[in-house]
**Student:** 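Sharing a structure with you now.
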Amino acid sequence: MPATVVIGGQWGDEGKGRVVDFFARNCTMIARYSAGSNAGHTIVNGLGRFALHLVPAGIFYADKTCIMGNGMVIAPQGLIDEISMLESRGVDMSRLKISDRAQLVMPWHPVIDRLDEAMRGENAIGTTGTGTGPAFIDKAARLGFRMIDLVSPDPFESDEFDRKLKWVLDYKNLVITQLYDGEPLAFEAIRDQFHYYSDRLRQYITDTSILVQDAHERGEQILLEGAQGALLDLDSGTYPYVTSSSPASVAAGACIGVGIGPTAIRRVVGVYKAYQTRVGNGPMPTELFDQDGSALREHGVDRGAGEYGATTGRPRRTGWFDGVLARSTARQNGVTSVALTRLDVLSQFKSIKVCVAYELNGQRIDALPASLHGMQSVQPIYEELPGWGDEVTEARSMSDLPQRAREYVRRIEQLIGAPIDMISVGPEREQAIVTRDIFGQALG
Ligand code: GDP
Ligand code: IMO
Ligand code: MG
């Protein structure tokens with residue numbers, strides 16, 4: 001059976017957690033393939049409201065295997081806290097498997113993340129401060145610790161862990177003190193912490209690529225959960241204001257991040273918000289600084305459902321739907337199905353704008369330039385559509401939607417250039433309209 005990838009089509013926070021929680025019912029295995037606790041995936045279901053940073057969003061189904069792939073960077077204490085939180089709320093965690101090749105976020109990574117941002121000053125990226133970027137930098141620098149380092153035969157008995165920690169920590173302390181003028185970290189405390197992590201996490205760590213490959217060969221449906229969004233991707237995003245994940249936060253990274261070949265992937269679900277948000281710094285052509293922008297951000301804020309980061313609590317920047325960027329990410333990711341989220345948030349507007357092209361130096365263009373100056377200089381060309389006024393949170397089929405809401409959805413579909421197969425009209429699991437059963441229907 002082909003695997004299905006779920007990616008974010010914008011700057012993250014499109015509702016990937018919500019969409020994975022919805023589609024997981026059709027699959028036997030859900031595997032996250034990239035990033036770390038910079039991600040915050042919100043799921044609202046019968047057990048309550050959850051913001052998951054590391055554990056795949058499929059964990060709420062008792063019969064699904066959940067994989068944390070080799071493409072992830074994992075903060076062990078954060079993971080232990082997340083596992084404990086889920087257990088305390090009645091979720092069975094025995095189905096969680098962690099790749100032995102996944103990288104570890106080490107104690108120096110969040111320290112360096114924050115010191116580096118301070119050093120950049122006005123050029124700061126606006127990272128989540130979780131150490132995710134520095135952990136990926138060390139992966140590429142071949143300085144990383146991996147899950148296997150916690151469990152390879154007796155790493156603590158044999159001094160294997162201590163020897164590696166000693167030289168890497170000496171190196172990192174030099175960087176912290178000499179480059180950033182920060183405080184060095186102590187060896188013993190880290191060693192003892194990681195001994196505990198080894199005991200606590202050992203039961204979950206295995207070669208997960210074999211599990212995914214076996215499930216694929218058995219013909220099972222596998223859902224590959226992406227993090228961030230395509231516009232935060234290191235290669236295709238709004239560089240340098242991107243995240244540092246490798247494999248990338250695009251669909252093509254999913255194979256590398258779980259250890260399967262590209263031929264296994266046949267469907268790519270692109271999750272798009274019905275408007276645009278971004279958290280952190282960097283260009284955002286359709287950003288709004290007016291009343292409409294705050295209306296997008298504050299909708300549902302009294303229920304804890306406004307546009308505030310699930311990881312850092314920062315207010316998200318808001319703007320109208322950017323059709324130029326959406327079309328570009330759909331093409332770069334080979335999106336076969338769109339899940340359009342938060343349509344209900346637009347019910348409050350009398351008229352709604354969508355960006356259909358940009359203007360740059362008096363010319364109409366339909367792609368974002370590569371240069372930072374170009375990205376910051378484009379002016380959106382808008383089309384204005386009438387609002388629909390009525391609430392849509394109870395809609396469960398297209399015919400339940402007001403005519404103008406259907407027209408909005410169809411216009412977004414044209415702009416993206418891929419079919420909208422699911423429309424989310426609220427954060428809860430069943431607040432959705434499915435217009436095509438993507439699992440029931442063979443593709444191409
Ligand atoms: P992710 O990082 O892509 O998983 O998205 P986040 O969880 O960071 O942010 C999405 C937010 O939108 C969460 O608070 C979700 O509960 C919420 N959400 C998802 N779909 C809908 C929807 O259709 N309507 C509303 N109102 N909220 C939604
Ligand atoms: P999910 O999976 C939104 C942003 C940060 C910052 C930039 C780099 O919830 O959609 P990093 O800490 O990764 O080095 O920060 O990327 N960012 C996200 N924005 N959603 C995310 O994940 C994000 N992960 C990183 O705000 O601008
Ligand atoms: Mg998020």
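What you see is a predicted model; the values in this text were computed from it and never measured. Numbers for residues simply follow the sequence, beginning at 1. We count ligands from 1, going down the list as the structure has it; atoms in each ligand are counted the same way. Every heavy atom of this structure was used, including side-chain atoms; hydrogens, water molecules and symmetry mates were not.
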**Student:** Flag yes if more than 12 heavy atoms outside Arg331 fall under 6.0 Å of its CZ atom; otherwise flag no.
**Tutor:** no
**Student:** Consider only side-chain N and O atoms of Ser249 and Gln228, and report whether a donor and an acceptor are under 3.5 Å apart.
**Tutor:** no
**Student:** Check contact between Val242 and ligand 2, using heavy atoms of the residue and a distance below 4.0 angstrom.
**Tutor:** yes
**Student:** Side chain, backbone, both or neither: which part of Val425 has a heavy atom under 4.0 Å from ligand 1?
**Tutor:** backbone
**Student:** Hey, are Asp149 and Lys164 close enough for a salt bridge, meaning a charged N less than 4.0 Å from a carboxylate O?
**Tutor:**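 A salt bridge is present here (some side-chain N lies under 4.0 Å from a carboxylate O).
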**Student:** Does the cation-pi check pass for Arg303 over Tyr308, that is, NZ or CZ under 6.0 Å from the six-membered ring centre and within 45° of its axis?
**Tutor:** no
**Student:** Heavy atom under 4.0 Å from ligand 1: found in Arg49's side chain, backbone, both, or neither?
**Tutor:**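 Near ligand 1, Arg49 shows its side chain, while the N, CA, C and O stay back.
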**Student:** State whether the shortest distance between N or O atoms of Gly12 and N or O atoms of ligand 2 falls below 3.5 angstrom.
**Tutor:**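 No, since none of the N or O atoms of Gly12 sits under 3.5 Å from an N or O of ligand 2.
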**Student:** Below 4.0 Å from any atom of ligand 1, is there a heavy atom belonging to Gly426?
**Tutor:**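 Yes; Gly426 lies near enough to ligand 1 that a heavy-atom distance drops under 4.0 Å.
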**Student:** Within less than 4.0 angstrom of ligand 2, does Gly8 place any heavy atom?
**Tutor:** no
**Student:** Counting N and O atoms only, with roles assigned by atom type, does the side chain of Arg32 sit under 3.5 Å from a partner on the main chain of Ser34, one being a donor and the other an acceptor?
**Tutor:**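 Yes; at least one donor-acceptor contact below 3.5 Å.
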**Student:** Short list, please: which atoms of ligand 2 are under 4.0 Å from a heavy atom of Lys16?
**Tutor:**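 By the 4.0 Å cutoff, the relevant atoms are 1 (P), 2 (O), 10 (O).
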**Student:** Give the residue and atom name of whichever protein heavy atom lies nearest to atom 17 (N) of ligand 2, and the separation in Å to one decimal.
**Tutor:** Leu232 CD1, 3.7 Å
**Student:** Just which atoms of ligand 1 are under 4.0 Å from any heavy atom in His41?
**Tutor:**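 Taking each heavy atom of His41 in turn, ligand 1 has 1 (P), 2 (O), 4 (O), 7 (O) under 4.0 Å.
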**Student:** Kindly confirm or rule out an N or O of Val44 lying under 3.5 angstrom from an N or O of ligand 1.
**Tutor:** no
**Student:** Counting non-hydrogen protein atoms only, what is the nearest one to atom 12 (O) of ligand 2? Give residue, atom name and distance.
**Tutor:**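 I find the closest protein heavy atom is Thr128 OG1, 2.6 Å.
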**Student:** Can you tell me the protein heavy atom closest to atom 15 (O) of ligand 2 and the distance?
**Tutor:**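 Protein heavy atom at minimum distance: Thr127 CA, 3.3 Å.
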**Student:** At a non-hydrogen distance cut-off of under 4.0 Å, which region of Trp11 contacts ligand 2 (side chain, backbone, both, or neither)?
**Tutor:** backbone
**Student:** When you check the side-chain N and O atoms of Asp322 and Tyr272, is any donor under 3.5 Å from an acceptor?
**Tutor:**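 Short answer, no.
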**Student:** Within the 3.5 Å criterion, strictly below it, is a donor on Thr277 or Arg316 matched to an acceptor on the partner's side chain?
**Tutor:** no
**Student:** With a cut-off of 4.0 Å, which atoms of ligand 1 are near a heavy atom of Lys16?
**Tutor:**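 Matching atoms, with element in brackets: 1 (P), 2 (O), 3 (O), 4 (O).
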**Student:** Counting from 1, what ligand 2 atoms have a heavy atom of Ala227 closer than 4.0 Å?
**Tutor:**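 It comes down to these atoms of ligand 2: 2 (O).
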**Student:** Taking only heavy atoms of Gly280 into account, list the atoms of ligand 2 that are under 4.0 Å away from them.
**Tutor:**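 In order of number, 27 (O).
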**Student:** Where does His41 meet ligand 2, judged by heavy-atom distances below 4.0 Å: at the side chain, the backbone, both, or neither?
**Tutor:** side chain
**Student:** Among Leu104, Val105, Asp138, whose side-chain contact (heavy atoms from CB on, under 4.5 Å) with Phe145 holds?
**Tutor:**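 Result for side-chain contact (heavy atoms from CB on, under 4.5 Å) with Phe145: Leu104.
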**Student:** Within the side chain of Thr286, is there an N or O that forms a donor-acceptor pair under 3.5 Å with the backbone of Phe321?
**Tutor:** no
**Student:** Going by heavy-atom distance to atom 9 (O) of ligand 1, choose the closest among Met422, Arg316, Glu14.
**Tutor:**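 Result: the heavy atom closest to atom 9 (O) of ligand 1 is in Arg316.
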**Student:** Quick check on contacts: which atoms of ligand 1 are under 4.0 angstrom from a heavy atom of Gly17?
**Tutor:**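 Here the atoms of ligand 1 in question are 4 (O).
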**Student:** Whether the His41 and Glu225 side chains hold a donor-acceptor pair (N or O, under 3.5 Å, no angle test) is what I'd like checked.
**Tutor:** yes
**Student:** Between ligand 2 and Asp13, is the shortest N or O to N or O distance under 3.5 Å?
**Tutor:** yes
**Student:** Could you go step by step and tell me if Lys273 and Glu14 meet the salt bridge (charged side-chain N to carboxylate O under 4.0 Å, His left out) rule?
**Tutor:** CA-CA 5 Å; Lys273 237 173 233 188; Glu14 299 88 352; over 6 Å; no
**Student:** For atom 10 (C) of ligand 1, what is the closest protein heavy atom, and at what distance to 0.1 Å?
**Tutor:** Asp13 O, 3.6 Å
**Student:** When only distance counts, is Thr130 in polar contact with ligand 2, meaning an N/O pair under 3.5 Å?
**Tutor:**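 Such a contact does not occur with ligand 2.
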**Student:** Do Glu183 and Arg114 pass the salt bridge (charged side-chain N to carboxylate O under 4.0 Å, His left out) test, and can you show the C-alpha distance, the side-chain angles, and the key distance before you say yes or no?
**Tutor:** CA-CA 13 Å; Glu183 292 296 318; Arg114 283 189 276 267; over 6 Å; no
**Student:** Give a yes/no verdict on whether any heavy atom in Gly126 is under 4.0 Å from an atom of ligand 2.
**Tutor:** yes
**Student:** Mind checking how many protein N/O/S atoms fall short of 2.8 Å from the Mg ion (ligand 3)?
**Tutor:**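 For the Mg ion (ligand 3), protein nitrogen, oxygen or sulfur atoms under 2.8 Å: 2.
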**Student:** Which is closest to atom 6 (P) of ligand 1 by heavy-atom distance: Gly40, Ala305, Ala310?
**Tutor:**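 Ranked by closest heavy atom to atom 6 (P) of ligand 1, first place is Gly40.
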**Student:** Considering only heavy atoms from C-beta outward, does the side chain of Val269 approach that of Val5 to under 4.5 Å?
**Tutor:** no
**Student:** For atom 12 (O) of ligand 1, find the nearest protein heavy atom and state the residue, atom name and distance (0.1 Å precision).
**Tutor:**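 Going by distance alone, atom 12 (O) of ligand 1 is nearest to Arg342 NH1, 2.7 Å.
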**Student:** Please indicate whether any nitrogen or oxygen in Thr243 is less than 3.5 Å from any nitrogen or oxygen in ligand 2.
**Tutor:** yes
**Student:** Taking Glu307 as the fixed residue, which of Arg342, Arg314, Arg278 is the one that meets the salt bridge (Lys or Arg N to Asp or Glu O under 4.0 Å) rule?
**Tutor:**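 Of the listed options, the one satisfying the test is Arg342.
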**Student:** If I apply the N/O under 3.5 Å rule, does Asn38 come out as touching ligand 2?
**Tutor:**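 Between Asn38 and ligand 2 (N or O atoms, distance only) the closest approach is under 3.5 Å.
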**Student:** With a 4.5 Å limit on heavy-atom distance, are the side chains of Leu86 and Leu52 in contact?
**Tutor:**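 Counting from C-beta outward, Leu86 and Leu52 do come under 4.5 Å.
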**Student:** Run the numbers for me: atoms of ligand 1, each under 4.0 Å from some heavy atom of Ser424, listed by number.
**Tutor:** 20 (N), 21 (C), 22 (C), 23 (O)
**Student:** Using the six-membered ring wherever Trp is involved, compare the ring planes of Trp320 and Phe349 and label them parallel, tilted or perpendicular (cut-offs 30° and 60°).
**Tutor:**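 Plane angle over 60°, so perpendicular.
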**Student:** So do the side chains of Val434 and Phe22 get within less than 4.5 Å of each other, counting heavy atoms only?
**Tutor:** yes
**Student:** Under a plain distance cut-off of 3.5 Å, with no hydrogens placed, do Ser337 and Asp421 share a side-chain donor-acceptor pair?
**Tutor:**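 Short answer, yes.
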**Student:** Using the six-membered ring of Phe136, assess whether NZ or CZ of Lys139 lies under 6.0 Å from its centre and within 45 degrees of the ring axis.
**Tutor:**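 Not flagged: Lys139 not positioned over aromatic ring of Phe136.
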**Student:** What are the atoms of ligand 2, with element, lying closer than 4.0 Å to any heavy atom of Ala39?
**Tutor:**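 It comes down to these atoms of ligand 2: 1 (P), 2 (O), 9 (O), 22 (O).
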**Student:** Which residue and atom name correspond to the protein heavy atom nearest atom 19 (N) of ligand 2, and how close is it?
**Tutor:** Val279 CG1, 3.3 Å
**Student:** Can you find an N or O of Thr341 that's nearer than 3.5 Å to an N or O of ligand 1?
**Tutor:** no
**Student:** Where's the contact between Asp344 and ligand 1, heavy-atom distance under 4.0 Å: side chain, backbone, both or neither?
**Tutor:**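 For Asp344, only side-chain atoms sit under 4.0 Å from ligand 1.
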**Student:** Under 4.0 angstrom from ligand 2, any heavy atom of Thr132?
**Tutor:**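 In this structure, Thr132 fails to qualify as a contact of ligand 2 - no heavy atom is under 4.0 Å.
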**Student:** Does the side chain of Asp116 pick up a donor-acceptor pair with the side chain of Tyr180 at under 3.5 Å?
**Tutor:** yes
**Student:** Is there any N or O on Gln228 that sits under 3.5 Å from an N or O of ligand 2?
**Tutor:**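 Yes, there is a polar N/O contact under 3.5 Å.
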**Student:** Using a strict 4.0 Å cut-off to heavy atoms of Arg314, name the atoms of ligand 2 that fall inside it.
**Tutor:**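 It comes down to these atoms of ligand 2: 5 (C), 26 (O).
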**Student:** Is any NZ, NE, NH1 or NH2 atom of the basic residue among Glu383 and Arg411 found under 4.0 Å from an Asp or Glu carboxylate oxygen of the other?
**Tutor:** yes
**Student:** Can a donor-acceptor pair be found between the side chains of Ser347 and Trp388 at a distance below 3.5 Å?
**Tutor:**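 The answer is yes; a qualifying pair exists.
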**Student:** Strictly under 4.0 Å, does any heavy atom of His299 approach an atom of ligand 1?
**Tutor:**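 Checking ligand 1 against His299, which is what was asked, there is no heavy-atom contact under 4.0 Å.
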**Student:** Measuring centre to centre across the rings, with the benzene-like ring taken for any Trp, is Phe439 within less than 6.0 Å of Phe23?
**Tutor:** yes
